[in-house]
Amino acid sequence: PTPSRLYSESLMFRKQEVSL
Amino acid sequence: SLKIMGEDVWKNRTEKVNAELFTLTYGSIVSQLCIDYQRDFQKVNKQLFSMGYNIGVRLIEDFLAKTALPRCENMVKTSEAISKCAFKIFLNMTPQVTNFSPEKDAFSLIIDENPLSDFVELPMDAMKQLWYSNILCGVLKGALQMVQLECDVWFISDVLKGDAHTELRIKLNKVLKDEIPI
Amino acid sequence: PQYFAILGKSDNPVYEAEFTTQQGQQGQLQKGFPQHLKELNPFIMHASLDIIEDLQWKLNSNVQHGTNNSGFGSFLRSKNVNVTDNCYLGKVDHFYGLAITAYLTFSGMKFVMIHGNLDKNSTQVDDNAVKSFYQEVHELYIKTLMNPFYKINDPITSAAFDTRVRSLARKYLN
């Protein structure tokens, strides 16, 4: 099985916006 | 200058929306397509590409209106416009341009931070076949076609499938010329 | 040892795990619950659900006017803590020396844990450590929810999730 990267990403420090 | 322009347009001339809303909306589309096509992931890929194509033929208008960029002289310039301007303005990221072909008619985009695939973990049966962000290929194909570049766009690798990085390849087939109607 | 479960909307176990004590100084093997208690754990946990739901839906009359919404009491009343936005309910029940703690997510998922004691005395619960454990598991659960391929209320079968929960248990509980 592929190691999961789901739980290593931070919920807080991420890009907040994209173009509408 | 393309980089500066891209950042300037992103900061000052782009209306923004919450990235999580975007990510979750796209995720619900993909998962619903997987259900609707009864997990035939080739059909899902095709439908995502088709959706992206329809977006791309429209999005190019918005891009050119915002940037007023002139026609690119060659694919090297095109690659810079795509990575430094287009991706920056629409997705607030700048993929790396690499792996140019010797004829300079094909290149790869290495996408490090893909907002489409945040917090996604593919199910086991989807890992082999599903290109989760295939909508991007359609968007690029449609947009480039509207500026007279007939290209093939496809994914080479994807971190969601366990690959080291996400790589998208763009290859120019021919430059389209306006043809006078019969 | 602890028995931890995440319970869904129909009281269905979405995730279950037993955390054993660490190796003792005399080289004792990891010890979990005795076999007869292992089988009883789901029943003990199920018996505490009434109390948890009672706390879940009770309005908190200790809320001051203007501090929260329109001044009506909020949900998630804790028996031990008067903070209105607190998901951690603390020790909610006991069963012959075993303590049961609970934590509620904002969507109503229940995190419940049975705390055992190998000395067979009444179990003391370190509220701060247990609360921290629950909060970190809550964050892992939110990340699971963000995955569009995860259907809410389905069992969480990810090995990565299990590994992380167990390492949090080692960090905070043992």
Side-chain angles (χ1 to χ4, degrees), chain B residues 17-45 47-49 51-52 91 93 111 113-136 155 158-164 166, chain C residues 4-10 12-17 19 69 75-76 85-87 103-111 132-172:
Chain B
V17 75
N18 181 277
E20 276 185 16
L21 174 64
F22 175 70
T23 303
L24 292 172
T25 303
Y26 184 71
S28 71
I29 289 172
V30 177
S31 66
Q32 191 59 46
L33 280 174
C34 291
I35 294 168
D36 290 345
Y37 285 114
Q38 287 155 348
R39 303 187 90 77
D40 182 343
F41 297 111
Q42 296 297 352
K43 284 187 183 168
V44 175
N45 289 337
Q47 188 64 17
L48 286 172
F49 189 93
M51 288 163 64
L91 294 176
M93 59 171 206
I111 301 172
E113 307 164 294
N114 183 2
L116 289 173
S117 62
D118 274 345
F119 296 109
V120 175
E121 190 173 275
L122 292 182
M124 292 303 290
D125 57 344
M127 275 217 182
K128 283 183 188 170
Q129 295 180 49
L130 180 66
W131 293 110
Y132 184 84
S133 306
N134 212 38
I135 201 168
L136 288 179
F155 271 103
D158 194 347
V159 291
L160 294 182
K161 291 185 164 200
D163 299 320
T166 301
Chain C
F4 170 69
I6 299 177
L7 304 177
K9 307 288 172 64
S10 318
N12 53 304
V14 164
Y15 172 80
E16 290 172 271
F19 309 131
N69 294 335
F75 299 115
L76 301 180
D85 58 355
N86 192 18
C87 301
Y103 179 99
L104 289 167
T105 71
F106 300 109
S107 59
M109 300 294 282
K110 301 178 189 70
F111 294 359
S132 299
F133 170 79
Y134 278 130
Q135 284 174 337
E136 299 248 11
V137 174
H138 189 183
E139 189 174 325
L140 291 178
Y141 178 70
I142 290 172
K143 290 177 182 178
T144 307
L145 282 184
M146 295 283 278
N147 180 10
F149 293 104
Y150 172 72
K151 199 172 153 202
I152 293 175
N153 236 21
D154 272 359
I156 298 173
T157 54
S158 163
F161 181 86
D162 183 58
T163 307
R164 289 197 178 241
V165 170
R166 288 182 187 279
S167 70
L168 288 171
R170 276 193 300 275
K171 182 179 172 187
Y172 290 109

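The structure presented is a predicted model; accordingly, all values stated were derived computationally and were not measured. Below, chains carry the letters A, B, ... as their sequence lines are ordered, and counting in each starts from 1. Just the heavy atoms: all of them, side chains too, but no hydrogens, waters or symmetry mates, feed the values below.
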**Interatomic distance, C:Asn147 atom CG to B:Asp118 atom CG [nearest 0.5 angstrom]** = 11.5 Å
**Message:** At a 4.5 Å cut-off on heavy atoms, which part of B:Glu20 comes close to chain C: side chain, backbone, both, or neither?
**Reply:** side chain
**Message:** Can you confirm whether C:Ile152 is buried at CD1, in the sense that more than 12 heavy atoms of other residues, nucleotides or ligands lie under 6.0 Å from that atom?
**Reply:** no
**Prompt:** Under 4.5 Å between any side-chain heavy atoms of C:Phe149 and B:Val30, yes or no?
**Reply:** yes
**Prompt:** C:Pro148 and B:Ser28: which non-hydrogen atoms are nearest, and at how many Å?
**Reply:** CB-N, 4.3 Å
